[in-house]
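Encoded as structure tokens, the structure appears first; notes follow it.
First the proteins, then the strands, lettered A, B, ... as listed; each starts at 1.
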2 protein chains.
Amino acid sequence: MTGGGPGAGSLTVGVDIGGTKIAAGLVDEQGAVVRRTRRDTPGRTLAPRAVEDAIADAVQELLDAAGERAYPAVGIGAAGFVSSDRATVVFAPHLAWRDEPLRDALAGRLGVPVVVDNDANAAGWAEHRYGAGQGEPRLLLVTLGTGIGGALLLDGEVERGRWGLAGEFGHMQVVPEGHRCECGNRGCWEQYASGKALQREAREMLLAGSPYAAGLARWSEGDPGRVEGHHVTAAARDGDGAALDLIGDVGRWLGVGLANLAAALDPGRILVGGGVSQSGELLLRPTREAFARQLTGRGHRPLAPITATDLGTDAGLIGAAGLAREETMADREDGSD
Amino acid sequence: MTGGGPGAGSLTVGVDIGGTKIAAGLVDEQGAVVRRTRRDTPGRTLAPRAVEDAIADAVQELLDAAGERAYPAVGIGAAGFVSSDRATVVFAPHLAWRDEPLRDALAGRLGVPVVVDNDANAAGWAEHRYGAGQGEPRLLLVTLGTGIGGALLLDGEVERGRWGLAGEFGHMQVVPEGHRCECGNRGCWEQYASGKALQREAREMLLAGSPYAAGLARWSEGDPGRVEGHHVTAAARDGDGAALDLIGDVGRWLGVGLANLAAALDPGRILVGGGVSQSGELLLRPTREAFARQLTGRGHRPLAPITATDLGTDAGLIGAAGLAREETMADREDGSD
């Protein structure tokens, strides 16, 4: 019997670890999420073990729920730089991990094999397999959450680079001496095109005391520090002019950065996912306009379509589960030879 | 008899077409150049046919010299955006070509099959096959000439993107609202890290009347417009402080842009070629310093080595010849089945 047989369990746990939340789900063999749970990501000032505790707790809840239907492996997508052997998170700008042996630490606690990948790689894999990237041989994905995650899929395979660290598009510098980034540099793309950028600009507009920010003030209750990116998205949906401007600014920076990536990589399709992409066309329209304005050689080349992901914020956990299933099945089949 | 047999001819003509010169050579089966010739690139104000005339003239000279030893195909590396079927130069910022059917136009004139590729793709292929990139599965190459050419080699194969246009690293924006580029945009990387950048900065320093530019003034003869990039390189080799500063500035911009590419692509080795790279360590030392200062995640990841190419300014024509030979041989072998 190979790993694909009924005895292997049809439901795989996938976990997506971001800067603010841990989302986990039970994923079936067609990539559908049949049960979900989530935890807040413990703050960066806490020990790395606090994040592992939260992950293990969420995973155990799902394994218990799946019972005999649980596939015996867990997939983790982490918002960080994952080593090429995919055992270690070497660096995570938005988390406390530095050279963290995540795979073995979790496998020891959970008693099943664990497959770790970068969260955006997992999301890109899922979109190519099940979502908006199906059939595209040169697929680029960016996820806009706290920062920017990125993945390049060549013929359906994640391009990982020499040491597993490819796809960190969010840390390309777009503004010399620009805003300081959690990675330690200045001017990184994700400081201009992410949920963090939305939040910073909304707070600055409130701090400036602009009457134009009145629509945003309802969330601040007198303290601009209370306004978060998703408030801006909500205000924009209500037609608030300042919120629409701020999302447009993020969209334009997104388009400029995507034009840079298209110059380098010439993708056939570009997918935009992550929490900020829930702004939909409010974000994507200015993104496409800036992309079309900025792409080098425009007028002499096709414009890669820029669309939302299909799987939304589930993409990371679906991909983590799918990669865990696929890779451990290959191991099981190798072992049965 | 397959194409590889003795009857096929051992010497292949390769041509490298840049913004200022056309370099052509006869290349043997080990990648050595046994004979060279060159022409100036006709100006962009002339008809595209003027460039074809110059190419055909150089190629014919070499075919005549090779006689019976000529392999019956010609390889062209062109400083432009080449379509995925490699028949057409769709756009060339430094040349007059727009949707130019170069492959068929030249094949018709020369009476042999012609294989067209981007010049930097050809150079990258040659460095991986014969030069400083041998054995590196994730190889990045940039060539600094009039502009910046680029290539990404994955397991020895040129990554061309969806429409053949990958590797145009020089047209990634590094300075918002920066210097105007021939591609039509502003702030492109090649406006800061290329021979053109060296030339512009040297001329501006002379125009400013700075006594610090005295070492550069010997080439200007009172007209700053006469100073070219290679003059700055020569002055720097003589120890001129202003020239060393300008090459250092180009090196730092080169390092910043390479750190951006390493964030995205995580190459295992970075090669720097093209005319400006003849400055050697005067350029590469500040490049490596800026790269090490700017690479995201530094301290938690290896620094890809940054070195000069092995094949120098011959890399493009060697690669063009090699690709022409390899691809037409495959065709000949397919035909003999």
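Between chain B and the options A:Gly170, A:Pro176, A:Pro137, heavy-atom pairs under 4.5 Å are most frequent for A:Pro176. For the set A:Leu295, A:Val175, A:Leu265, A:Leu152, the entry with the most heavy-atom pairs within less than 4.5 Å of chain B is A:Leu265. Ranked by heavy-atom pairs under 4.5 Å with chain B, the first of A:Pro267, A:Gly268, A:Cys183, A:Pro302 is A:Pro302. Per-residue counts of heavy-atom pairs under 4.5 Å with chain A were compared for B:Gly297, B:Gly150, B:Cys181, B:Ala264; the largest is that of B:Ala264.
Proximity of B:Trp189 to B:Val142: side-chain heavy atoms (C-beta onward) are separated by under 4.5 Å at one or more points.
Salt-bridge check for A:Arg301 with A:Asp266: passed, with a basic side-chain N closer than 4.0 Å to an acidic carboxylate O.
Proximity to chain A (any heavy atom under 4.5 Å) is shown, for B:Ala304, by both the backbone and the side chain. With a 4.5 Å cut-off on non-hydrogen atoms, B:Val174 touches chain A through its backbone but not through its side chain. In this structure, the portion of B:Arg160 lying under 4.5 Å from any heavy atom of chain A is its backbone and not its side chain. Of the two parts of A:Gln294, the backbone and the side chain both hold a non-hydrogen atom closer than 4.5 Å to a non-hydrogen atom of chain B.
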>> Does A:Glu289 form a salt bridge (charged side-chain N to carboxylate O under 4.0 Å, His left out) with A:Arg252? I'd like the steps, not just the answer.
In response: CA-CA 8 Å; A:Glu289 286 172 6; A:Arg252 275 182 288 280; 5.7 Å; no
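For A:His179 and A:Tyr192, the ring centers sit closer than 6.0 Å to each other.
A perpendicular orientation is assigned to the rings of A:Phe81 and A:Phe91, their planes being inclined by more than 60° (bins at 30° and 60°).
In summary, the side chains of B:Asn121 and B:Arg86 do not present any donor paired with an acceptor at a separation below 3.5 Å, with no hydrogens or angles considered.
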